[in-house]
There are 2 protein chains.
Amino acid sequence: MKLSTKGRYGLKAMFELALHYGEGPTPLKNIADSQDISEHYLEQLIAVLRKSGLVNSVRGAQGGYLLNDSPKNITVGNVIRALEGDIAPADCVLENEEVNCDKLNYCVTKTIWMKIRDSINDVIDSITLQDMVDEHKEKNEGQGYMYYI
Amino acid sequence: MKLSTKGRYGLKAMFELALHYGEGPTPLKNIADSQDISEHYLEQLIAVLRKSGLVNSVRGAQGGYLLNDSPKNITVGNVIRALEGDIAPADCVLENEEVNCDKLNYCVTKTIWMKIRDSINDVIDSITLQDMVDEHKEKNEGQGYMYYI
DNA sequence: TGAATCCCTAGTGTTATACTTGGTATTTCA
DNA sequence: TGAAATACCAAGTATAACACTAGGGATTCA
């Protein structure tokens with residue numbers, strides 16, 4: 001039941017972009033350095049985020065990546081689903097492709113997988129990147145430490 | 001974010017034992033047939049459940065497995081944790097061995113992983129094997145079909 | 001023109017998963 | 001008493017996913 005690094009790194013990267021929202025493009029190298037992620041690997045993840053429309057890119061020197069929308073309008077669920085696909089603890093409760101695993105019997109484990117799936121989705125759909133930025137600023141204020149030196 | 005077959009098959013097996021609670025030992029073959037699981041593979045999973053004290057075994061002909069406690073007292077969480085270990089979407093929020101991934105910064109993704117972890121645990125700790133049995137009987141009643149022919 | 005950046009494709013070592021294979025030990029029952 | 005039914009144990013294996021690395025091409029700015 002682990003999230004892979006795709007989802008975890010991807011969310012860190014999106015958080016980083018949210019911190020700099022409105023300041024022009026952020027180069028990948030900065031994100032990778034700040035969050036301590038391999039640049040080349042992150043490149044592959046952010047390519048997925050770009051193709052799914054969550055971020056835009058600007059090529060060339062002084063280029064980089066930026067959020068395609070306000071952090072208020074992007075949820076953790078948007079990011080994780082883009083990178084990991086639909087969240088479900090078992091294939092039989094994948095949102096689009098629900099399978100009838102058991103024709104004769106009503107399957108009681110399926111009920112449980114649905115409840116787990118829904119509880120996870122409730123969490124990730126209720127948190128926006130802006131929430132993360134707000135929390136970060138709150139916790140780090142008054143420490144004489146600026147995140148983005 | 002998938003549960004492995006360990007947790008999924010293991011829960012199915014425990015449900016099967018709960019259905020037959022109080023009726024003496026159920027042989028592995030019956031469980032494997034009912035739930036359509038490889039017998040030899042299930043053997044390995046149930047060995048873990050036995051070592052963790054959730055089931056007992058009776059050897060020899062007419063032997064099999066039985067729950068070590070009433071289905072009312074065994075939760076889905078007990079079963080899944082025995083087979084998969086503590087549930088957490090990222091290692092940094094594993095219950096026993098929480099790691100400080102980021103010394104300088106307050107890590108906002110960690111907050112999210114904790115919320116996901118807690119929501120999953122809430123679900124699996126709130127459902128007992130008896131709940132599953134009750135739901136199964138409710139849904140299958142009046143269908144002229146008995147599960148345990 | 002050259003440095004900084006994004007973009008793309010392919011390869012690779014490691015690990016976990018989901019089994020299979022092939023036995024041994026114990027108990028019941030005919 | 002012997003055969004069948006069961007639990008118990010240890011090892012091997014094919015596949016796939018993960019988490020990268022490597023190497024280069026395209027674009028833009030100064």
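So that the names make sense, note that chain A is the first sequence line, chain B the second, and so on, each numbered from 1.
Residue-level contact check: K6(B) touches the backbone only, with heavy atoms under 4.0 Å from sugar-phosphate atoms and none from bases. Residue R8(B) is classed as having no contact, given no heavy-atom separation below 4.0 Å to the nucleic acid.
If you take CG of L28(A) and C1' of dC20(D), they are 14 Å apart, rounded to a whole angstrom. Per the geometry, CZ belonging to R59(A) stands 15 Å off C1' belonging to dA3(C), to the nearest Å. Between the C1' atom of dC8(D) and the CG atom of L49(B) lies a distance of 15 Å, rounded to the nearest Å. Between I46(A) atom CD1 and dT5(C) atom C1' the separation is 13 Å, expressed in whole Å. Distance L42(A) CG to dT5(C) C1': 14 Å, rounded to the nearest Å. If you measure from atom NZ of K2(B) to atom C1' of dA16(D), you get 14 Å, rounded to the nearest angstrom.
Between S57(B) and dA7(D) there is no side-chain N or O to OP1 or OP2 distance below 4.0 Å. The phosphate of dA18(C) (OP1 or OP2) has no side-chain N or O of Y9(B) nearer than 4.0 angstrom. Of the side-chain N and O atoms in R50(B), none sit less than 4.0 angstrom from OP1 or OP2 of dA7(D). Considering only side-chain N and O atoms, Y41(B) lies nowhere under 4.0 angstrom from the phosphate OP1 or OP2 of dT21(C). Remark: S38(B) is not in phosphate contact with dC19(C), judged by side-chain N or O atoms under 4.0 Å from OP1 or OP2.
Evaluation of atom-type donor-acceptor distances gives no pair under 3.5 Å for the side chain of E43(A) against the base of dC6(C). Between the side chain of Q44(A) and the base of dC20(D), at least one donor-acceptor pair of N or O atoms lies under 3.5 Å.
For the pair Q62(A) and G63(B), nearest-nucleotide mapping onto DNA chain D gives the more 5' position to G63(B).
A salt bridge is defined here as a Lys NZ or Arg NE, NH1 or NH2 lying under 4.0 Å from an Asp or Glu carboxylate O, and K2(B) with D91(A) meets this definition.
With distances taken from any side-chain atom of S4(A) to the nucleotides dC6(C), dC18(D), dT20(C), the minimum falls on dC18(D). Set against dT9(C), dA4(D), dA3(C), the side chain of A61(A) has dA3(C) as its closest nucleotide. Side-chain proximity of H40(B) to the nucleotides dC20(D), dC8(C), dT20(C) is greatest for dT20(C).
Taken together through direct or relayed side-chain contacts under 4.5 Å among Ile, Leu, Val, Met, Phe, Trp and Tyr, F15(B) and L66(B) form parts of separate hydrophobic clusters.
Here the side chains of V76(A) and M132(A) are in contact, with some heavy-atom distance below 4.5 Å. Residues W113(B) and L94(B) fail the side-chain proximity criterion, which asks for heavy atoms closer than 4.5 Å.
No side-chain donor-acceptor contact under 3.5 Å links D125(A) to the backbone of D122(A).
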